[in-house]
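Only one structure is covered here, and it is reproduced in the block below.
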Amino acid sequence: MIGGGQGAFIGAVHRIAASLDGLYELTAGAFSSDAAKSQATGVLLGLAPDRVYGSYEELITKEKQRPAAERVQVISIVTPNYLHFAPAKMALENGFDVVLDKPMTFSLAEAKQLRAVAEASGRLLCLTHTYTGYPMVKEARQLLAAGTLGPIRKAYVEYPQGWLSGFEEGGANKQAAWRTDPARSGVAGAMGDIGTHAFNLLEYVTGLQVTHLCADINTVVPGRQLDDDGAVLLKLSNGASAVLIASQIAAGEENNVRIRVYGDKGGVEWQQVDANTLQVKWLDRPAEIRRTGTGYVGSFAQHNARVPAGHPEGYLEAFANLYRNFALTLQAREAGETASPEALDYPSIADGVRGMAFIENVIASGQSEQKWTAFTV
């Protein structure tokens, strides 16, 4: 692991997710650019002192020198996004597969370069867009892909938060400080931090791609340097329209990601606050409730559930599904086999490039007087 030292929120989440199914063992880390802090984290995690490093360069260089049976196989990078590109590039170039937190890089140019590096290296990259890991999100995708609800006509996706309703970056809130800093977060604030999740969820569930957009981007809190609120009208590759909302100044909201998609026969609705439920609404008959862990859901939902129906599974399990599917894919590759479609179902470098393209397109649209702009990658 690179990053994720003491006091880091997402590093612990990655470690829990990776350990949940017993497919990974954390054996090495560069948890901080401060060697003493990195060693302190290593002690807490029970790692051998000689496998705890003071920099990502040292980790990658020294792990590569170890015998193949001993060196790490996957490097998980959980730093802020301005520190993603260099370690990911070096890891891929040195023969390691990579798990990378989102958004993938600091800019679209970096994302494209990283894609080229991955293709040249032959290594794989998993991007942790958590919400695609939920079983009922996968059920929605499979239903729509099968045409059960008819051709997609309309979609709505939203991600409301309220934690940045005040000028939190002005105090001791480290998460607020870097997420609202253009030097560390890039050209976008809310649209980069959570808008990319909504965008990825929309394209994943519908199986369609955004082709055009019209964005209204706002910075509401005085003194803030990046956007904290926005709404986007979207055109999809089949001609359907969609609406995306991402806000971090919706006071009282937590993390209730929500998506609704409608065909000409019916629609689906999923929200994180009730993550084990998928509503299926029909034009000509009563609505259905589909639940995680049941025998009637599709193969992708079944593959990504661990416990019987009625036992809630949530964010950590969804996160773990990304790690598990990536591990199953890597195991199949090692065995000279083709991984199952269910195992191959994790966010990849292609999703990362489109996510960075979304950030730059949506900010450019928000700054433009032109009503609609083409989505360019």
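- Trp163 places a side-chain heavy atom less than 4.5 Å from the side chain of Gln175.
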Next item on the list: Report the C-alpha distance between Gln73 and Glu334 in whole Å, list the side-chain angles of each, state the deciding distance to 0.1 Å, and finish with yes or no for side-chain hydrogen bond (donor to acceptor under 3.5 Å, both in side chains).
Entry: CA-CA 11 Å; Gln73 296 169 285; Glu334 287 185 357; 2.8 Å; yes

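- Side-chain contact between Phe167 and Thr180 is absent, with no heavy atoms from C-beta onward closer than 4.5 Å.
- Aromatic ring pairs are classed by plane angle as parallel below 30°, tilted from 30° to 60° and perpendicular above 60°; the pair Tyr131 and Tyr159 is perpendicular.
- Residues Tyr346 and Leu124 form a side-chain contact, since some pair of their non-hydrogen atoms from C-beta on lies under 4.5 Å apart.
- No donor-acceptor distance shorter than 3.5 angstrom exists from the side chain of Ser247 to the backbone of Pro160, with no hydrogens or angles considered.
- For the pairing with His303, the side chain to side chain donor-acceptor pair (under 3.5 Å) check across Asn321, Asp345, Asn325 returns one residue only, Asn325.
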Note to self: Tyr315 vs Gln272, test: side-chain hydrogen bond (donor to acceptor under 3.5 Å, both in side chains). Steps then yes/no.
What the structure shows: CA-CA 8 Å; Tyr315 178 80; Gln272 185 171 233; over 6 Å; no

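- For the residue pair Glu342 and Ser299, a side-chain donor N or O sits within less than 3.5 Å of a side-chain acceptor on the partner.
- No hydrogens or angles considered: nothing links the side chains of Asp227 and Thr219 as a donor-acceptor pair under 3.5 Å.
- Note: Tyr323 and Tyr24 meet the aromatic proximity criterion, with ring centroids under 6.0 Å apart.
- Note on Arg123 versus Glu93: no salt bridge recorded, every NZ/NE/NH1/NH2 to OD/OE distance being 4.0 Å or above.
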Checklist line | Asp97/Ile75 under side-chain contact (heavy atoms from CB on, under 4.5 Å): CA gap, chis, key distance, verdict | finding: CA-CA 6 Å; Asp97 298 299; Ile75 294 181; over 6 Å; no

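- Relative to the ring axis of Tyr204, Arg141 places its NZ or CZ within 45° and under 6.0 Å from the centre.
- Checked by atom type and distance alone, the side chain of His84 pairs as donor or acceptor with a backbone atom of Met104 at under 3.5 Å.
- A donor-acceptor contact shorter than 3.5 Å is absent between the side chain of Ser38 and the backbone of Asp34.
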Item checked: Audit row: Val157, Glu203, side-chain contact (heavy atoms from CB on, under 4.5 Å) steps and yes/no -> CA-CA 10 Å; Val157 63; Glu203 291 202 334; over 6 Å; no

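- Between Leu208 and Ile152, some side-chain heavy-atom pair lies under the 4.5 Å cut-off.
- Residues His14 and Phe319 place their aromatic rings such that the two centres sit under 6.0 Å apart.
- Counting only distance, with no hydrogens or angles, the side chain of Thr79 and the backbone of Leu83 share a donor-acceptor pair below 3.5 Å.
- Shown are Asn255, Asn256, Asp193; of these, the side chain to side chain donor-acceptor pair (under 3.5 Å) with Gln161 is made only by Asn255.
- Judged by distance alone, with hydrogens and angles left aside, the side-chain atoms of Lys138 form a donor-acceptor pair with the main-chain N or O of Thr132 at under 3.5 Å.
- Judged by distance alone, with hydrogens and angles left aside, the side-chain atoms of Thr196 form a donor-acceptor pair with the main-chain N or O of Gly192 at under 3.5 Å.
- Cluster annotation: Val220 and Val362 are assigned to distinct hydrophobic clusters (Ile/Leu/Val/Met/Phe/Trp/Tyr, side-chain heavy-atom contacts under 4.5 Å, transitive).
- Here Glu63 pairs with Arg51 in a salt bridge; the nearest charged N to carboxylate O distance falls below 4.0 Å.
- Under a 4.0 Å N-O distance rule, the pair Glu288/Arg290 qualifies as a salt bridge.
- Arg179 and Asp228 are not joined by a salt bridge, as no carboxylate oxygen comes within less than 4.0 angstrom of a charged side-chain nitrogen.
- Put simply, the side chain of Gln302 gets close to the backbone of Val297: a donor and an acceptor are under 3.5 Å apart.
- Judged by distance alone, the side chains of Lys265 and Thr148 never bring a donor and an acceptor atom under 3.5 Å apart.
- We find that Asp50 and Arg66 are joined by a salt bridge, their nearest charged nitrogen and carboxylate oxygen being less than 4.0 Å apart.
- Of the inter-residue distances, the one linking Leu92 atom CG with Met90 atom CE reads 11.5 Å to the nearest 0.5 angstrom.
- Side-chain contact between Gln113 and Phe85 is present, with at least one heavy-atom pair separated by less than 4.5 Å.
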Next item on the list: List the steps, then state whether ring-ring contact (aromatic ring centres under 6.0 Å, His included) holds for His212 with Phe375.
Entry: CA-CA 5 Å; His212 293 79; Phe375 187 96; 9.4 Å; no

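- Apart from Val243 itself, the hydrophobic cluster it occupies contains Tyr156, Leu233, Ile245, Tyr262, Trp372, where clustering links Ile, Leu, Val, Met, Phe, Trp and Tyr at side-chain heavy-atom distances under 4.5 Å.
- The pair Arg306-Asp21 counts as a salt bridge, with a side-chain nitrogen and a carboxylate oxygen less than 4.0 angstrom apart.
- The backbone N or O of Gln248 lies less than 3.5 Å from no partner atom in the side chain of Asp229, so there is not a single donor-acceptor pair.
- Considering Val210, Leu213, Thr211 as possible partners of Lys235, the one that fulfils the side chain to side chain contact (heavy atoms under 4.5 Å, CB included) test is Thr211.
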Next item on the list: Starting from the C-alpha separation in whole Å, work towards a yes-or-no answer on side-chain contact (heavy atoms from CB on, under 4.5 Å) for Lys102 and Asn81.
Entry: CA-CA 7 Å; Lys102 51 58 57 189; Asn81 58 304; over 6 Å; no

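- Asn200 places no side-chain N or O within 3.5 Å of a backbone atom of His197 that could act as its donor or acceptor partner.
- Rounding to the nearest 0.5 Å places CZ of Arg291 at 9.0 Å from CE of Met136.
- Panel note: side chain Glu269, backbone Ile259; no donor-acceptor pair is recorded below 3.5 Å.
- Rounding to the nearest 0.5 angstrom, the gap separating the CZ atom in Arg258 from the CG atom in Leu201 is 12.5 Å.
- Aromatic pair Tyr82/Phe106: ring centres not closer than 6.0 Å.
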